[in-house]
Each structure stands twice: as structure tokens, then as C-alpha cells.
Engineer: 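Take this structure, written in C-alpha cells, and hold onto it; I'll ask about it next.
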There are 2 protein chains.
Amino acid sequence: MLLKVQKTFLYMSMKLSEAKAQFIQSWGILGSQWGINRTMAQVHALLLVSAVPLTTEDIMEQLSISRGNSNMNVRELIDWNLVSKVIVAGERKEYFTAEKDIWKVATRIMYQRKKRELDPLTDVLTQLSQVDGDPADPEMVAFTTTVANLQKFSNQAQSTLNTMIKAEENWFWGSFLKLMK
Amino acid sequence: MLLKVQKTFLYMSMKLSEAKAQFIQSWGILGSQWGINRTMAQVHALLLVSAVPLTTEDIMEQLSISRGNSNMNVRELIDWNLVSKVIVAGERKEYFTAEKDIWKVATRIMYQRKKRELDPLTDVLTQLSQVDGDPADPEMVAFTTTVANLQKFSNQAQSTLNTMIKAEENWFWGSFLKLMK
DNA sequence: CTGAACTTTCAATAACATTTGAAAGTTTAT
DNA sequence: ATAAACTTTCAAATGTTATTGAAAGTTCAG
């Protein structure tokens, strides 16, 4: 068996390790406000700022979480296309590394959110637009108007997000396309 | 004391009341995936599709929730500027009504999310960009690069959202500004 | 084929978030 | 000033979601 590589953090300057810890902590809080599991966000942060790929063990140690938890969250991140497995020659263990291109990270997260948030709304609205009843009933008018407006909005949001997800960054639409022209 | 107005739902056609119930239920689920309290979203939905303003009691009854819960969520919605109090002549009770303009609803929600999600990230990144250490250390390079890229991204997102929030709808950027030109 | 090295699962448990409802507080008509 | 009508608060109860870790499953070198 090969010698284990000395853990990276032993060589980190104090300042850098503190900064990493704060970044991981902050990204975790942010993540949970985003509806993303806090630990998943922390694992993501850890991999985002690591120069080298890490193993399940590294993640467990650095975040003080269990094996099961580490495994589940890494798999979810792989599912989201934010993390990938790396094969290291001569090692049996799996190593993980995060996508570092922030635009890609952002669009992949957006894609997941669209899938979880907007797509189901669109479906429900389509269904609800078929309700029928007395067109003179003010309650009916209120309902159908609201649903129709939401549909218009959600359709537009769908196509805006699709365009965004497909877009080449262009660094993020140069000053938002000259303030939307 | 004035006669109480007969509850609206007694007069709703079956189809409409079902549709309303489904809308409320769906909006609630959506909301929770959005990091918005499920009940708050349901209260919002109820008011969104009601032709007339409702009281705390109406909300309690129609959603089967307690007085305290109803009160807290209505207040939060008022805080978000999605709901407002309505004075009904000759009544002591407070009535509530929701903003019906969907673009306004969307920008107000975006504003809250920006406040909760993006602003804190921006702050943390500003702080972390000041870390110092050996510029030859690959871990240091990985860290500063990631933080710098995130900063660039978050600044751009800030200004994009600000523009959006200020934007007159124009119906939601006509086909997303001709596919971003 | 075997067993060591590693990964995955999942039921129990812990942590966290929401909801209740009775009590306290406030407002208003008289 | 009083009391009824109404609103707000908050500690306890309930409901939801995340985490653990041991057990089961898989892979691979010899």
C-alpha cells in the first residue's frame, strides 16, 4: 500500500485555514437559505476551495460529519453536476473534485432550482387554467385572472431561464446588456 | 353590530372551490421549496385568488390554522409588501388583501431573496478576499481564485437583480431581449 | 475464491422549524 | 373609565428534516 499523502491542512497557514473555515461555514448558511441542504453546501464549499481532490475520509474529518452523511451529500453534488469523481493512479479510494468555473456552477444550480421550483408551478397552472364555472361570479373572475397572469409570468420565466442556462457567459451579459437597453 | 357577511365559500361552485384548494396547496409546496414558510405561502395564495379582502378569522377557517399562526404569517406578508390591510367602513376587524400585479409580486419576492441570499454572500466574499498568505501555495491560489471569481459573479448578479427590480415590466423583457442579442 | 478495502443503505435518533392556544396587550365605543 | 372586540405574543407541543453509525453490499488484488 502506498504511503498516505500528508493531510493538506497541516501545511496551511493559519490565516488561510481560518478563511477556508469561514467560507465553508458561510456557504453552508447561504445554501440552507437557498433550500439546499446545509451540509451539501459545506461539502461543496470544501471542494470548491481545495486545490486537490479529496476523499470521503478527508471530507468526514474536515467537516466532522459521518461517513453516511458525507457519502450522501457527495452523491447529491455529483447528481447536480457540481462535483465529479477523480481517479488517482495507484489508489483504490475515490477522490472528488468540484467544478471551479463559477458560471457553470451558477447555471447548474439554476437548472436544479428551475426544475424544483418553476416546472411544478407551470404544471399546476396549466391544470388550473381549465377550471370552469360562472364567468359572472367575481370569485371566478379573480381566480382565473390570477391564474392566467401567473401563467404568463411563469412561461416568460421559463424561457428566460432556459436562455440563461444555454448562454455562453459573455461575462454575464456585459453590464446587464447595457441596462436592458 | 352589523350582520356578518355570509362566507364566500358557501357560494363557490364546486369546481372553483376545488381549484382554489389545489392552488393554495400547490403554492404552499412551491413556497417551501423556495425557503418560504409553507403556511405563509398558503395565506398568500388564499388572498391572491380571493375577489374580496379577508379577515384573520376567514384565513383561520379556510386554512384550518390557529389564530397565532394566521396573525404571524399575515404580518410577514405585509412585511414583504405582498399583502396590505384594508379598512372596511363600519367594521372594526382588519381585512387583508394581496397585491394582484404579478410583476410586482415577483419583484418583491426577488427583493427578499436577494436580501437573504445574495447580500450576505457579497459581504462574506469581501471579507474573505482580504486573506493573506503565501502566493506560491497552491491551496492559497485555489482559495483566492475561487473567492475572486465568486465576487465577480455576485457583483454582476447584484446589479442584474437591481436592474430587474427597478425595471418596468415591458412584458418581462420581450422574449428576453431578443434572445440576449 | 477470499478477505481487506472501500461504498452504500437505512432505521433510530437528534436537531431544527412550525404551530398551537391561552394569556396578555391594545383599541375603541359609549 | 369600562368592557367588548380585536390583535399580538410566546412557551409548550407537534411536525419535519438531517445525521449517525452499524450492517449490508461491492470491488478488487492476490
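What you are looking at is a predicted structure, and each value in this text was computed from that prediction instead of being measured. Chain identifiers are assigned alphabetically (A, B, ...) following the order of the sequence lines, protein sequences preceding nucleic acid strands; residue numbering begins at 1 within each chain.
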Engineer: Tell me, for nucleotides 21-30 of chain C in 5' to 3' order, what letter each nucleotide earns: B for a base near a protein heavy atom under 4.0 Å, S for only sugar-phosphate near one, - for neither?
Structural biologist: B-----BS--
Engineer: Who are the side chain to side chain donor-acceptor pair (under 3.5 Å) partners of Asn149(B), not counting sequence neighbours?
Structural biologist: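 Applying side chain to side chain donor-acceptor pair (under 3.5 Å) to Asn149(B) gives none.
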Engineer: Run the side chain to side chain donor-acceptor pair (under 3.5 Å) test against Glu94(A) and tell me which residues pass, sequence neighbours left out.
Structural biologist: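 Partners of Glu94(A) under the side chain to side chain donor-acceptor pair (under 3.5 Å) test: Lys85(A).
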Engineer: Given atom CZ of Arg75(B) and atom P of dC6(D), what is their separation to the nearest angstrom?
Structural biologist: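 So the CZ-P distance, Arg75(B) to dC6(D), works out to 19 Å.
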Engineer: Sequence neighbours left out, what passes side chain to side chain donor-acceptor pair (under 3.5 Å) with Asp101(B)? Give chain and number order.
Structural biologist: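 For Asp101(B), no residue satisfies side chain to side chain donor-acceptor pair (under 3.5 Å) once neighbours in sequence are set aside.
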Engineer: Tell me, which pairs form a ring-ring contact (aromatic ring centres under 6.0 Å, His included) where one or both residues lie in residues 53-74 of chain A, sequence neighbours left out?
Structural biologist: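 As it turns out, there is no ring-ring contact (aromatic ring centres under 6.0 Å, His included) pair with a partner in residues 53-74 of chain A once direct neighbours are skipped.
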Engineer: Within less than 4.0 Å of OP1 or OP2 of dT7(D), is there a side-chain N or O belonging to Asn71(B)?
Structural biologist: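 Checking dT7(D) against Asn71(B), no side-chain N or O comes under 4.0 Å of OP1 or OP2.
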Engineer: For the residue pair Arg67(B) / Asn71(B), report whether a side-chain donor-acceptor contact shorter than 3.5 Å exists.
Structural biologist: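 Side chains of Asn71(B) and Arg67(B): no pair found under 3.5 Å.
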Engineer: Whole angstroms only, please: what is the CG-C1' distance between Asn73(B) and dT7(D)?
Structural biologist: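 After rounding, the reported distance stands at 15 Å.
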Engineer: Looking across every strand, which nucleic acid part, if any, lies under 4.0 Å from Thr55(A) by heavy atom: base, sugar-phosphate, or nothing?
Structural biologist: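 Result for Thr55(A) = nothing.
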Engineer: Quick one: Ile65(B) CD1 to dT7(D) C1', roughly how many Å, whole number?
Structural biologist: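 After rounding, the gap between these two atoms is 15 Å.
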Engineer: Any side-chain N or O of Asn37(B) less than 4.0 Å from the OP1 or OP2 oxygen of dT19(C)?
Structural biologist: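 Asn37(B) to dT19(C) OP1/OP2: side-chain N or O found under 4.0 Å.
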Engineer: So if I take every side-chain heavy atom of Lys93(B) and compare against dT19(D), dT9(D), dC6(D), which nucleotide ends up nearest?
Structural biologist: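 In terms of side-chain proximity for Lys93(B), the closest of dT19(D), dT9(D), dC6(D) is dC6(D).
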Engineer: For Asp58(B) and dC6(D), what is the distance between atoms CG and P respectively, to the nearest whole Å?
Structural biologist: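 So the two atoms are 12 Å apart, to the nearest Å.
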Engineer: Would you mind reading off the distance between Tyr95(A) atom OH and dT7(C) atom C1', rounded to a whole angstrom?
Structural biologist: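 Between C1' of dT7(C) and OH of Tyr95(A): 15 Å.
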Engineer: Of the nucleotides dT7(D), dT19(C), dT19(D), which one has an atom closest to the side chain of Met72(B)?
Structural biologist: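 Looking only at heavy atoms from C-beta outward on Met72(B), the closest nucleotide is dT19(C).
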Engineer: Whole angstrom is fine here: how far is it from CE in Met40(B) over to C1' in dT18(C)?
Structural biologist: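 Atom-to-atom, Met40(B) to dT18(C), this comes out as 14 Å.
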Engineer: Which residues pass the side chain to side chain donor-acceptor pair (under 3.5 Å) test with Gln151(A), not counting sequence neighbours?
Structural biologist: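 None.
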Engineer: Between Glu76(A) (CD) and dT8(C) (P), how many Å, whole number?
Structural biologist: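 These atoms are roughly 14 Å apart.
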Engineer: Describe, in one word, how the ring planes of Phe143(A) and Phe23(B) are oriented to each other, choosing from parallel (under 30°), tilted (30 to 60°) and perpendicular (over 60°).
Structural biologist: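 Perpendicular: the ring planes of Phe143(A) and Phe23(B) meet at over 60°.
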Engineer: At less than 4.0 Å, is any side-chain N or O atom of Arg38(A) found next to OP1 or OP2 of dC16(C)? Yes or no.
Structural biologist: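 No, because none of the side-chain N or O atoms of Arg38(A) sits under 4.0 Å from OP1 or OP2 of dC16(C).
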Engineer: Which of these nucleotides, dT20(D), dT7(D), dT9(D), is closest to any side-chain atom of Thr56(B)?
Structural biologist: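 The closest nucleotide is dT7(D).
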Engineer: Rounded to whole Å, please give me the gap between CD1 in Ile78(A) and C1' in dT7(C).
Structural biologist: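 Rounded to whole Å, this separation is 12 Å.
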Engineer: Within the pair Thr39(B) and dT19(C), is there a side-chain N or O less than 4.0 Å away from OP1 or OP2?
Structural biologist: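 Result: yes.
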